[in-house]
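Reading through the structure tokens given below for one structure.
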Amino acid sequence: MFTILRAVFYSEQRMSQAKESAGQSPQQAKTASDAERRLYTLMRHLPGMAYQGLNDTQWTMLFVSEGAFALTGYTAEELENNAISYLQLMHEEDRHRVDTEVQACIRKQKPFQVSYRLWHRSQQVRWMWEQGQAIFDDQGQVLRLEGFICDITEQQQSQGLQRAVLQIASTLTVRSGPGFFQQLLQNLALALEADGGFIATSNDDQTLALQTLVMGGQPRPSEHIQIPERLSTPVMRDGHCLVADDADFYFTDQKKGQGGERVRGFVGCRLIDMQGRPLGMLAVISRKPFANAEMTLSVLQIFAAGAAGELERNQADVRMHQLAFQDPLTGLPNRANCMAQLERYQQQTLSKGCPPLTLGLLFFNLRRFKEINNTRGHQVGDQVLVAVAKRIREALNEEAFLARLGGDEFVALLPSLEYSALQQVAALIGNTLKQPIRIGEAVFRQEVTIGGAHYPKDASEPASLFQHASIALHQAKRGNYGFTLFNEEMAAAINRRQMLHERLLKALREDELELYYQPQIDLESGGVIGAEALCRWHDAQYGWISPGEFIPLAEERGSIVELGEWVLKSACQQLKAWQQSGSGGLPGKLSVNVSARQLQDPELLQRLGACCEVSLRQGIVLELTESAFIQDPEEAIAITRQLVAAGFTLAIDDFGTGYSSLTYLKRFAATYLKIDMSFVRDMLNSESDRTIVNTIIAMARTLGMQTIAEGVESQAQAEALAAMGCDQSQGYFHGRPVPAEEFARLWLDTP
């Protein structure tokens, strides 16, 4: 190369000397001229720039080849004699190093090879490789420098890209979690000679939320930087944004009290998920211009897939956490989250050095909320729940932990709350929900039932508070109270009910229950025309248990269906036994109670049929309470007709205590109306009760139904009922409920 350059630079001199040579022929002169032209042609087509210049402080160019324009963007005329200083084109950070290396080689009279960055006329930074040597005179002084410069940007970028990727990948030890993003940004900034970087995620409203920010090798709070839309929009729209020197935005260091530092270089690329949807962006920033922004972008794009994958995993983890610990409708913590929070309070009480903890718990639900779902639809009901959650959350202080357990049940955990303040917070919740809630054109005013408990007053540990508040809520519901605080008597009552129910189930399965029978009397003849089977229970531990206690308990705990089937099956067996006893059997029919919950069973007919033979059904009266028909009268009408078609006779029990529309009543396939004992008891002393009884009897006669009065305790009551036209009566005046054998001895023709 140096031989060619020297030949070109001195071609004219050699040509002139050749012409003056006496022995040179014209043919020899022509051959020399052709060689010179070939050298010039070669130099014009070299992929680079040949030069001849001075060894001065400005790198003055005496001659440059035509390749200068492709290399620098400037013509040969502009570069020669410092019209455009070549030194000023060289990157300021490389000038001192290059000069030091070149001068060292000159002192040793050796050729030099250097690489450096050059500012192209287009303001792009290009990498140059230069090879040259000094030309000395006879005294050893440097006359000039001669050499060749070529563009090695692509090679340099490829090598730099490989080095950066290798450096980042080899030092990235955290493979998942928040530490991954922090370490990735730290390594990117270090390898790319940037000051920092960040990762931001895209929100539903197309805005970006900063997730991780690293500046100066350290994580920073997200508020230290605001991403300009003029930079973020191209990233999310086009996939990347590259600004080498005029990004012109600021980050702050609040810890040091700095007002802000200018960011000049910005390179960002879009992060996408596996379906190609945008997740956010990855970016690096610098106080100084990026010397090689294209390579920086290439590095970011290489690591973008890993960052996007980790973002997607994180979002999936967040979503799974939300599904596991957040109520999807209201956005409140759910039951699992509430229990976890209670466990954290539990651990706090066990940790040494923690201040003493006081904690209140309010467990509440909405009264008659099911009516909204039934009458307005679940969509409106859901909107009411969302409004309720929002309103209560706003009413409670920031320390309060509000959770939705499901349905219309909520829990409020109230740390640092004194026992005396529990009722005040409960009243606040109640008053808050009494304010109108408007959903479309509808307006709702919700009432709540609340049970409360407090640690340490009501529990030895926070973990017990939920159970105790649940007991208080149960008591508030049973007593129709708005708010009830836990006490030990409640716990004792609940424990008794729990124990009783367990023993009731045992008694059912081991056939420890017994049926008693109470006669039903024809008021005109005074003879027995039937009986009612009544369940009785004597427990080995608790003694005789009142039906008024264990039957509502079975209703509440869901075992009434099993109990009802046992009663019907046992009654049918006894009816059959009396029929086969030779005494002629029971005069009239045997009545058996059917609960409201049994009526809700879609398999009621099949269950009752399995308990009672077809031949016995004509001797069975199924007593259905009036209140059981209210929820769905049309369904009740269909059920009564199916039961009658199956061979049963029906009676409506406790008539007058519920609400039955005459429109529906006349369509029920019932034979008997049983007048509730509450009217019979006071009818001789209360004109209104007497009027009610008289009206029921008259109405039943009009509808073609017979009447049975319950709770008759005196002859005067029996006579009054007979005078009103009542058909039958039942009560202590005629006879108390007794076991089957005694009933047969007293009322049946048995020896």
Side-chain angles (χ1 to χ4, degrees), residues 335 339 361 363-365 370 405-409 411 449-453 458-459 463-481 484-516 532-571 592-604 607-608 610-611 622-625 627-628 631 653-654 737 739:
R335 179 184 291 270
M339 296 301 105
L361 189 150
F363 188 3
F364 57 96
N365 68 356
K370 288 183 179 179
L405 304 188
D408 61 350
E409 292 185 333
V411 162
T449 304
I450 305 176
D458 297 326
S464 302
L465 280 182
F466 184 83
Q467 179 185 6
H468 291 179
S470 179
I471 291 172
L473 177 62
H474 177 79
Q475 187 71 17
K477 287 180 178 179
R478 292 189 67 200
N480 198 27
Y481 309 129
T484 301
L485 276 170
F486 172 82
N487 59 49
E488 292 298 333
E489 289 76 15
M490 293 179 191
I494 289 291
N495 290 336
R496 171 182 165 82
R497 292 172 65 79
Q498 178 63 30
M499 183 62 69
L500 277 181
H501 187 249
E502 292 175 0
R503 297 187 69 83
L504 175 61
L505 293 177
K506 175 178 177 293
L508 267 171
R509 287 157 192 160
E510 298 181 5
D511 204 25
E512 296 176 353
L513 300 175
E514 186 177 2
L515 286 185
Y516 277 35
E532 181 176 0
L534 301 167
C535 189
R536 295 294 184 262
W537 176 29
H538 184 273
D539 181 73
Q541 177 177 341
Y542 290 99
W544 285 103
I545 310 298
S546 168
E549 182 175 13
F550 73 80
I551 290 179
L553 180 62
E555 287 269 11
E556 176 188 313
R557 302 297 176 92
S559 54
I560 191 65
V561 173
E562 186 177 355
L563 177 59
E565 291 176 0
W566 180 89
V567 169
L568 179 58
K569 186 175 182 180
S570 299
V592 178
N593 287 284
V594 176
S595 74
R597 181 162 296 199
Q598 284 178 279
L599 281 179
Q600 297 171 6
D601 185 353
E603 299 180 355
L604 173 65
R607 290 181 181 275
L608 296 186
C611 295
L622 300 179
E623 295 190 0
L624 314 175
T625 59
S627 59
Q631 185 171 358
D653 194 13
D654 300 333

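Note that this is a predicted model, so its numbers are computed, not measured.
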Heavy-atom closest contact ([X] atom, [Y] atom, distance):
{"X": "L568", "Y": "L608", "value": "CD2-CD2, 3.4 Å"}
{"X": "A571", "Y": "L515", "value": "N-CD1, 3.5 Å"}
{"X": "A469", "Y": "A453", "value": "N-CB, 3.8 Å"}
{"X": "P552", "Y": "G548", "value": "CG-O, 3.2 Å"}

Not counting sequence neighbours, which residues clear salt bridge (charged side-chain N to carboxylate O under 4.0 Å, His left out) with [X]? List them please.
{"X": "K569", "answer": "none"}
{"X": "E502", "answer": "none"}
{"X": "D408", "answer": "none"}

Next on the checklist: Apply side chain to side chain contact (heavy atoms under 4.5 Å, CB included) to residues F363 and L465 and explain how you reach the verdict.
Outcome noted: CA-CA 10 Å; F363 188 3; L465 280 182; over 6 Å; no

Checklist entry - Any side-chain heavy-atom pair from K506 and E512 closer than 4.5 angstrom? => result yes

Checklist entry - Can you find a pair of side-chain heavy atoms, one from L534 and one from N593, that are under 4.5 Å apart? => result yes

Straight-line distance of [X] [atom1] to [Y] [atom2], nearest 0.5 Å:
{"X": "L505", "Y": "L563", "atom1": "CG", "atom2": "CG", "result": "10.0 Å"}
{"X": "Q541", "Y": "M499", "atom1": "CD", "atom2": "CE", "result": "6.5 Å"}
{"X": "S595", "Y": "D601", "atom1": "OG", "atom2": "CG", "result": "9.5 Å"}
{"X": "L513", "Y": "R536", "atom1": "CG", "atom2": "CZ", "result": "11.5 Å"}
{"X": "F466", "Y": "L473", "atom1": "CZ", "atom2": "CG", "result": "9.5 Å"}

How would you list, by chain and number, every residue that makes a side chain to side chain donor-acceptor pair (under 3.5 Å) with [X], sequence neighbours excluded?
{"X": "D539", "answer": "R503"}
{"X": "T449", "answer": "R367"}
{"X": "D458", "answer": "none"}
{"X": "S470", "answer": "none"}

Next on the checklist: Assess the residue pair E623 and E532 against the criterion (side chain to side chain contact (heavy atoms under 4.5 Å, CB included)); give the C-alpha distance rounded to whole Å, side-chain angles, the decisive distance to 0.1 Å, and a yes or no.
Outcome noted: CA-CA 9 Å; E623 295 190 0; E532 181 176 0; 3.4 Å; yes

Next on the checklist: Which residues pass the ring pair (Phe, Tyr, Trp, His ring centres under 6.0 Å) test with Y516, not counting sequence neighbours?
Outcome noted: none

Checklist outcome for this item: Residues passing the ring pair (Phe, Tyr, Trp, His ring centres under 6.0 Å) test with W537, sequence neighbours excluded, are F550

Next on the checklist: Check this for me: E565, atom CD, are more than 12 non-hydrogen atoms of other residues, nucleotides or ligands nearer than 6.0 Å?
Outcome noted: yes

Please list every donor-acceptor pair under 3.5 Å in which a side-chain atom of residues 553-562 meets a protein atom from a residue at least two apart or in another chain.
| unit_1 | atom_1 | unit_2 | atom_2 | d |
| --- | --- | --- | --- | --- |
| E556 | OE1 | R497 | NH2 | 2.5 |
| R557 | NH1 | Q498 | OE1 | 2.8 |
| S559 | OG | H501 | NE2 | 2.9 |

Checklist entry - Who passes side-chain contact (heavy atoms from CB on, under 4.5 Å) against A610, sequence neighbours left out? => result none

Less than 3.5 Å apart, which donor and acceptor atoms pair up between the side chains of residues 485-496 and the rest of the protein, not counting sequence neighbours?
| unit_1 | atom_1 | unit_2 | atom_2 | d |
| --- | --- | --- | --- | --- |
| N487 | OD1 | E489 | N | 3.1 |
| N487 | OD1 | M490 | N | 2.9 |
| N495 | ND2 | A491 | O | 3.1 |
| R496 | NE | E549 | OE2 | 3.0 |
| R496 | NH2 | E549 | OE1 | 3.1 |
| R496 | NH2 | E549 | OE2 | 3.3 |

